[in-house]
Each structure stands twice: as structure tokens, then as C-alpha cells.
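Everything below concerns the one structure shown next.
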Amino acid sequence: MLTADIPPNQAIYIKNINEKINKEELKRSLYCLFSHFGRILDVVALKTPKLRGQAWVVFTEVTAASNAVRQMQNFPFYDKPMLIQYAKSKSDCVSKVEGTFVPREKKMKQEEKVEKKRNAEDNRQSSMANGATAQNGRPAPSFQPSGQDTTMPPNNILFIQNLPVETTSMMLQLLFEQYPGFKEIRMIQAKPGIAFVEFEDDVQSSMAMQALQGFKITPQNPMVVSFAKK
DNA sequence: AGCACA
């Protein structure tokens, strides 16, 4: 099947991933790298012989997945270009949210599944009405970066907004230098409230973005972090 | 290359 023939899916399938990266780190990196495209429901990576070097990132919206497929295609991730397609099937975490999840052992066909669900609802009324509790990674940030496109393609340079005017580059350095790959802070005297922070590469800048997104230097100033324009 | 959810 041509990869272009796979219908859009809110989950993306990534292959050609460096197999040396340990599973937990890989999941964290993928989460960081993709979280700015939209809310992520789940990241799946297995190290079994059949499944190593591949991963799934499940978004709440297919539009987020579409942007990720396009913008992150061939992104150099741990030295290997990632190859991204839509996933071929619906993710379990999505079925769980929809309440149509059927455990793997006795997985049945679509029609039977619907039938089964009807019966269950009829029989025990509402006893399992919402057995599907959404278990998302973490809440979405409560602010919306204004005037800046949050789906900007990754960049090793971060753009910081909504800083208190009294922020100094030393203060920002203390915050950002905790993250690997930090290089430097750049502020522009004529433009208070913003800064640029440079990292070695896009993966590392993404990590710092994820970690410090919304960080408050003062209670009124949750910082808004995005990738700088190229 | 390889499409899962332990």
C-alpha cells in the first residue's frame, strides 16, 4: 500500500527511529517533540524485535496528526530521519475514550462490537456508562500564545514571550541552562518582554520548551515558549 | 522493513 493511501488518523506511526534509545527516554522525547502540534493522548513504543525502531503518537485531533506528518517528515531525530505516516488502525486509548474499547484477547469485528456494547448497556443499564475515563498525559496549558503560530516547525532557537519587563538575561540563563544543549540567551533592549534562547539542536530546545512552558517569573507572567521563526 | 496498545 502506498503510504499516501493510508487514511488520516489521529495517531501517527513513526519508523526509522534510532533503536539504541531506551524506551522511556524515547517516549519522553517524542512527547516533547510533538506536543506543540496539539494535545497528546498517548505515546506507544515497544522494544520487541518486531516493533523496535517504531512508535505511535496519538493526538486528540486528526488535524494535529496531519500537521505532524507534514512538518516532522524526515526530522533528524537521534541522528536518523523520522519517517511518519498515519497509523493504520485506531488506538486503544481512543477507543477507551469513546467507550468502545474491547480487550485484545477476544477482539471481535466492528459490527459485533457495537452489538455487544448495546447489549451491555441494555442489560446492566448504566453500570458501565462511562468506564472510559480520559487519562491524558497532562492538562493543556491554560493560556494561548497570542500572535505566534504554535505549530511552527521545530527550531533549535526558542522564542519567549510574556516575560515581565524587568527580566534579565541572567535570570533566563538560570532557568534554561538546566536543560542539556543550552547555548545562550539573547534579549533585545528595544523589545522588552521577549527573548531568544538558543540550544544545540531542536530536540533539546523542545525539551526545554516543554519543561518551561508557562513558567511564571511573576504570577502575572506565565512565559509563552515557541520555536523561533527560521 | 517492520502498524500496537501487557
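Heavy atoms only: backbone and side chains are in, while hydrogens, waters and symmetry mates are out.
Toward the 5' end of DNA chain B, the nearer of the two residues A:Glu19 and A:Lys23, judged by each one's closest nucleotide, is A:Glu19. Across the interface with DNA chain B, nearest-nucleotide mapping of A:Gly53 and A:Asp42 shows A:Gly53 to be the residue nearer the 5′ end.
When the P atom of B:dG2 is taken as reference, atom CD1 of A:Ile84 falls 17 Å away, rounded to whole Å. Counting to the nearest Å, the P atom of B:dA4 and the CG atom of A:Asn9 are 13 Å from each other. Between the NZ atom of A:Lys47 and the P atom of B:dA4 there is a distance of 18 Å, rounded to whole Å. Atom OH of A:Tyr86 and atom C1' of B:dC3 are 16 Å apart (whole Å). Atom CG of A:Asp92 and atom C1' of B:dA6 are 11 Å apart (whole Å). Going from atom CZ of A:Phe101 over to atom P of B:dA6 covers 7 Å, rounded to whole Å. The CD1 atom of A:Ile6 sits 10 Å away from the P atom of B:dC3 (whole-angstrom rounding). As a whole-Å value, the separation of A:Arg52 CZ from B:dA1 C1' is 13 Å.
Between the side chain of A:Gln73 and the backbone N or O of A:Gln71, no donor-acceptor pair lies under 3.5 Å.
When heavy atoms are screened at a 4.0 angstrom cut-off, A:Leu46 is found touching base atoms of the nucleic acid.
Listed pair A:Arg104 / B:dC5 meets the phosphate criterion, a side-chain N or O lying under 4.0 Å from OP1 or OP2.
For A:Lys47, the NZ atom is densely surrounded, since the number of other residues' heavy atoms within 6.0 Å is greater than 12.
Using bins of under 30°, 30° to 60° and over 60° for the plane-to-plane angle, the ring pair A:Trp56/A:Tyr13 lands in the tilted bin.
Judged by distance alone with a 3.5 Å cut-off, a donor-acceptor contact links the side chain of A:Ser91 to the base of B:dA4.
Ring centroid separation for the pair A:Phe196 and A:Phe159 comes in under the 6.0 Å cut-off.
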